[in-house]
There are 2 protein chains.
Amino acid sequence: MAEAKAWPPGRIKIADALRVLLETKDFGAITTSEIAKSAGVTEALIYKYFKGKRDLLYQLLSEYLEHYDVQVERDLKGIKGALNKLRKLIWSHINVYATDRVFAKILLLDVRSFSDYYTSETYKLVRKYTEILLEIIQEGIKNQEIRDDIPPVFLRQAILGSIENVCLTRVVFDQKISPDDLTEKLCEFVFKGIEHGASKN
Amino acid sequence: MAEAKAWPPGRIKIADALRVLLETKDFGAITTSEIAKSAGVTEALIYKYFKGKRDLLYQLLSEYLEHYDVQVERDLKGIKGALNKLRKLIWSHINVYATDRVFAKILLLDVRSFSDYYTSETYKLVRKYTEILLEIIQEGIKNQEIRDDIPPVFLRQAILGSIENVCLTRVVFDQKISPDDLTEKLCEFVFKGIEHGASKN
DNA sequence: CATGCTGGGTAAGGATTCCTAACCTGATCT
DNA sequence: AGATCAGGTTAGGAATCCTTACCCAGCATG
């Protein structure tokens with residue numbers, strides 16, 4: 001909430017330490033003592049600033065999400081048309097995963113299995129992002145750019161699923177993510193579907 | 001491998017116990033002692049039959065997958081046309097999640113974050129299933145039913161992602177999954193995309 | 001100046017959890 | 001009768017997450 005840089009040094013060191021560790025290990029394999037050692041503080045300090053190991057992860061993810069939300073808002077400025085906005089949103093989404101591997105891993109792999117994640121403050125930030133996507137879809141339906149015979153919420157889930165799964169496999173197997181290339185293909189798929197015919201330009 | 005029912009009673013009780021526990025708790029919150037108690041055996045017996053807690057989960061998932069693979073193979077028999085097969089496959093996929101909530105939870109939430117999962121025997125079974133999907137897509141491209149300007153492997157990832165994400169949200173928030181309804185919507189999305197126009201029948 | 005208080009940090013320990021090594025026991029084979 | 005073996009148990013240990021109580025520098029206040 002308070003986004004002022006009033007954070008004590010210990011807290012910053014801890015969050016940074018986890019960030020670094022996540023580059024090479026998965027969250028489940030990282031221990032609190034490891035984080036503490038890596039941060040140069042004692043284990044107990046972690047529990048001063050965070051409710052627990054998971055809360056630390058959530059707060060780290062929140063930081064990423066706040067940055068990303070701002071970025072997306074900026075990226076979409078000045079773009080006309082729902083489909084054009086959607087294309088840009090997809091690009092931004094893929095691009096952030098391509099840039100911040102750790103962010104991708106947390107969001108796509110680690111937090112998903114924690115049931116308390118879905119009631120966390122962090123998840124609300126994700127909702128805020130998906131809300132943007134929903135609004136674009138609704139705008140597109142109003143404009144006649146997007147078909148109106150499938151519920152927007154459903155479309156959102158399907159679109160997000162395809163974006164994330166395409167990135168997920170690349171994250172898991174440590175393959176390169178090319179935002180431009182993937183965006184192009186994803187938009188072709190999402191906009192026109194897989195049926196032969198409509199794509200004959 | 002050996003699909004003979006030659007399994008000792010203890011092993012069965014342990015697997016059953018986990019299955020039951022997974023109905024109400026997530027894997028991370030289930031302890032080995034809890035499993036043992038619930039199964040009516042000692043903790044050490046778990047390690048007689050399984051390499052560890054995770055291996056137990058993987059093997060449980062493998063059982064589900066073996067059943068499902070057989071089911072899918074059956075479901076697809078006698079269907080002509082790649083798109084018709086794909087529709088049926090999507091239905092089967094959604095249907096199994098609708099039927100076996102525990103299976104869905106394991107596959108969509110629990111195992112994904114374990115990095116050793118992706119090198120496990122269990123994951124090979126998943127590959128076997130996704131291979132079927134790939135073959136359908138390739139058949140469709142050959143037939144001219146499916147567009148040929150997006151790589152089949154990419155299409156598979158995108159399609160699977162949309163299926164799974166649609167189900168995932170329902171699994172997470174304990175909402176009902178209606179195979180018929182979701183299949184209809186998903187096929188509309190996957191076949192024709194979101195653009196307005198092509199859907200004017 | 002003493003006093004108290006507050007924010008940042010530490011020391012020490014405890015319950016739980018996952019897992020292992022060694023042992024037991026009844027059945028089957030020879 | 002002795003050996004072997006599958007199915008199971010007893011007992012324990014290292015590691016992990018987390019809590020409680022404590023330390024101490026700075027600094028505002030009377």
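The sequence lines fix the lettering, A, B, ..., with proteins before strands; numbering per chain opens at 1. The structure displayed is predicted, hence computed values, not measured ones.
Checked by atom type and distance alone, the side chain of B:R156 never pairs as donor or acceptor with a backbone atom of B:E135 at under 3.5 Å. B:S120 places a side-chain N or O within 3.5 Å of a backbone atom of B:Y117 that can act as its donor or acceptor partner.
Nucleotides of DNA chain C that come within less than 4.0 Å of any heavy atom of chain A span, from the 5' end to the 3' end, C:dG8 to C:dA11.
With sequence neighbours excluded, the residues forming a salt bridge (charged side-chain N to carboxylate O under 4.0 Å, His left out) with A:D69 are A:K128, listed by chain and number. With sequence neighbours left out, B:K185 forms a salt bridge (charged side-chain N to carboxylate O under 4.0 Å, His left out) with B:D181. Looking at residues two or more places apart in sequence or on another chain, you find no salt bridge (charged side-chain N to carboxylate O under 4.0 Å, His left out) involving B:D26. For A:Q71, the side chain to side chain contact (heavy atoms under 4.5 Å, CB included) test picks out A:D75, with sequence neighbours left out.
Using a 4.0 Å heavy-atom criterion, one finds that A:F50 contacts no nucleic acid atom at all.
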If a protein heavy atom is under 4.0 Å from the base, mark B; if only from the sugar-phosphate, S; if neither, -; do that for nucleotides 9-25 of chain D going 5' to 3'. BB-----SBBB------
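Both cation-pi conditions hold for A:K53 and A:F27: the charged atom is under 6.0 angstrom from the six-membered ring centre and inside a 45 degree cone around its axis.
At whole-Å resolution of the value, NZ in B:K13 and P in D:dG8 are 6 Å apart.
Ring orientation note: the planes of A:F103 and A:Y97 are tilted relative to one another, at an angle of 30° to 60°.
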